[in-house]
There are 2 protein chains.
Amino acid sequence: MENNVDNVRAQMRKGVLEYCILSILNRGEAYASSILETLKAANMIVVEGTLYPLLIRQKNQGLLSYRWEESTQGPPRKYYCITDKGREQLQEMDLAWSELVETIRTLKTQKS
Amino acid sequence: MENNVDNVRAQMRKGVLEYCILSILNRGEAYASSILETLKAANMIVVEGTLYPLLIRQKNQGLLSYRWEESTQGPPRKYYCITDKGREQLQEMDLAWSELVETIRTLKTQKS
DNA sequence: ATCAGTACTTTGTGTTGCAAGGTATTTATT
DNA sequence: AATAAATACCTTGCAACACAAAGTACTGAT
């Protein structure tokens, strides 16, 4: 609990990470390191140890597929691609997210 | 993984629960069962086994205080009240939440 | 050969939400 | 007086998950 502000943000990130990954991959295939960069650019700080297991989980759920591709620089890359099932899940997540935002708005607005 | 939709919502709720509790208590003191009702009314389903430990954690962090009050119906109630420190934390959470909403908006809007 | 860079993976830890069950108090019913 | 129902608070055991840290592997430059 060293830094409270960071902790608050970390807690909130939980639960929307999967949503973010599916959203990013819905724009086109990508490999883990590039997904990390995209998240970082959107101020969504995630580390490797979080992302890799998450991608594997989503692949095992049939939400993602992947293919290996040689890189001109460095080892081959694992390009992930969203599946039809993943797109269905993403639609559900879009709805769940809007509802959550609305729920919070309600809680903040209601005066007693 | 029986119901995917429920699971998606459950995942997203994580991390904003503490924010919800502080927001509710910022409107005035309340006891656990009434907090549960407020959350339920806002479509934020939470169970006792989640709420009680959370209230105790927040109290131990100095974000909440409480007092016992006799009830006309049933056992005494533990009325929780947000502290100055809790209000500070709530402000940080307000900011963190807006930023998270903005982050998601960015991720969804960007076309690659 | 060694190092740096890139990329993927695994292990161990701490936190947290939840299902399920438990304790305690009051009031109504038998 | 004893029992049941309602209300309220609390605890235990489990599973999921984010993260830090360390490891593996491939490529190209020094």
Side-chain angles (χ1 to χ4, degrees), chain A residues 1-4 6-22 29-40 44-61 63-64 66-80 96 100, chain B residues 1-4 6-22 29-40 44-61 63-64 66-80 96 100:
Chain A
M1 186 102 23
E2 78 293 347
N3 189 337
N4 228 339
D6 284 352
N7 193 50
V8 164
R9 280 171 169 70
Q11 285 306 312
M12 284 190 175
R13 275 198 302 272
K14 294 185 183 183
V16 293
L17 262 181
E18 298 196 11
Y19 180 43
C20 290
I21 304 307
L22 284 188
E29 63 178 7
Y31 64 103
S33 299
S34 68
I35 293 173
L36 277 178
E37 282 176 23
T38 304
L39 288 169
K40 195 177 175 185
M44 188 82 166
I45 290 96
V46 181
V47 296
E48 287 186 325
T50 300
L51 182 61
Y52 282 98
L54 196 159
L55 287 171
I56 290 168
R57 281 203 304 276
Q58 291 190 323
K59 187 218 59 171
N60 289 341
Q61 289 173 20
L63 308 178
L64 305 179
Y66 70 82
R67 61 180 179 80
W68 286 99
E69 181 170 313
E70 297 297 320
S71 167
T72 56
Q73 280 189 347
R77 296 167 175 173
K78 210 171 178 177
Y79 276 85
Y80 281 93
L100 182 59
Chain B
M1 184 99 26
E2 79 294 348
N3 188 337
N4 228 339
D6 284 350
N7 193 50
V8 164
R9 280 172 170 71
Q11 285 305 312
M12 284 191 175
R13 276 198 300 272
K14 295 187 183 183
V16 293
L17 262 182
E18 297 197 11
Y19 181 43
C20 291
I21 305 307
L22 284 187
E29 61 179 7
Y31 62 102
S33 297
S34 68
I35 294 173
L36 277 177
E37 282 176 23
T38 305
L39 288 169
K40 195 177 175 184
M44 187 82 167
I45 291 96
V46 180
V47 295
E48 288 186 324
T50 300
L51 182 61
Y52 282 98
L54 196 158
L55 287 171
I56 291 168
R57 282 203 303 275
Q58 291 189 322
K59 188 218 59 170
N60 289 340
Q61 289 172 19
L63 308 178
L64 305 180
Y66 69 83
R67 62 181 179 79
W68 286 100
E69 182 170 312
E70 296 298 322
S71 168
T72 56
Q73 281 189 348
R77 295 168 177 173
K78 208 172 180 178
Y79 276 85
Y80 282 93
L100 183 58

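As the structure is a prediction and not an experimental result, all values here were calculated from the model. Throughout, protein chains are lettered first and strands after them, A, B, ... in sequence-line order, and every chain is numbered starting at 1.
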Tabulate atom names and distances for all N/O pairs under 3.5 angstrom spanning the protein and nucleotides 20-30 of chain D.
none

**Asked** Quick one: OH on A:Tyr80 to OG on A:Ser34, what's the gap to the nearest 0.5 Å?
**Response**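 Here the rounded value is 11.5 Å.
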**Message:** What's the separation between atom CZ in B:Arg77 and atom OG1 in B:Thr72, rounded to the nearest 0.5 Å?
**Reply:**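 It comes to 6.5 Å.
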**Message:** Under the rule for side chain to side chain contact (heavy atoms under 4.5 Å, CB included), what residues qualify as partners of A:Pro76, not counting sequence neighbours?
**Reply:** A:Trp68, A:Glu70
Expressed in angstrom and rounded to an integer, what is the separation of [X] atom [atom1] from [N] atom [atom2]?
| X | N | atom1 | atom2 | answer |
| --- | --- | --- | --- | --- |
| A:Arg77 | C:dG5 | CZ | P | 16 Å |
| B:Glu69 | C:dT25 | CD | P | 17 Å |
| B:Leu54 | D:dC9 | CG | P | 14 Å |
| A:Leu55 | C:dT10 | CG | C1' | 15 Å |
| B:Arg9 | C:dC18 | CZ | P | 14 Å |
| B:Leu100 | D:dA18 | CG | P | 13 Å |
| B:Leu36 | D:dA8 | CG | C1' | 10 Å |
| A:Ile56 | D:dA16 | CD1 | P | 16 Å |

Would you mind writing out the side-chain donor-acceptor pairs for residues 50-59 of chain A within the sub-3.5 Å range, not counting sequence neighbours?
from: A:Gln58; atom 1: NE2; to: A:Glu18; atom 2: O; distance (Å): 3.4

**Item:** Interface residues of residues 10-20 of chain A with DNA chain D (non-hydrogen, below 4.0 angstrom)
**Value:** A:Arg13, A:Lys14, A:Leu17, A:Glu18
**End axis versus end axis in the helix from C:dA1-D:dT30 to C:dT30-D:dA1, the angle rounded to 10°, five pairs used at each terminus** =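 Rounded to the nearest 10 degrees, the bend comes out at 20°.
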Give a yes/no on whether any side-chain N or O of [X] is located under 4.0 angstrom from OP1 or OP2 of [N].
| X | N | value |
| --- | --- | --- |
| A:Tyr52 | C:dC8 | yes |
| A:Tyr31 | C:dA7 | yes |
| B:Arg57 | C:dG14 | no |

**Request:** For the side chain of B:Pro53, starting at C-beta, report the closest nucleotide among C:dC8, D:dC9, D:dT11.
**Result:**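 Taking heavy atoms from C-beta onward, the closest nucleotide is D:dT11.
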**Message:** Please pick, from C:dA7, D:dC19, C:dG17, the nucleotide with the shortest atom-to-atom distance to any side-chain atom of A:Val46.
**Reply:**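 Among the listed nucleotides, the one closest to the side chain of A:Val46 is D:dC19.
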**Message:** Run A:Leu22 and A:Leu64 through side-chain contact (heavy atoms from CB on, under 4.5 Å) and show every step you take.
**Reply:** CA-CA 8 Å; A:Leu22 284 188; A:Leu64 305 179; 3.7 Å; yes
**Item:** A:Leu17 and A:Met44, any side-chain heavy atoms less than 4.5 Å apart
**Value:** yes
**Asked** Do any pairs count as a side chain to side chain donor-acceptor pair (under 3.5 Å) and have a residue in residues 8-17 of chain A, sequence neighbours left out, and if so which ones?
**Response**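 Sorted result for residues 8-17 of chain A: A:Arg9-B:Glu99.
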**Asked** Which atom pair, heavy atoms only, marks the closest approach of A:Val16 to B:Leu100?
**Response**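 A:Val16 and B:Leu100 have their closest heavy atoms at CG2-CD1, 4.1 Å.
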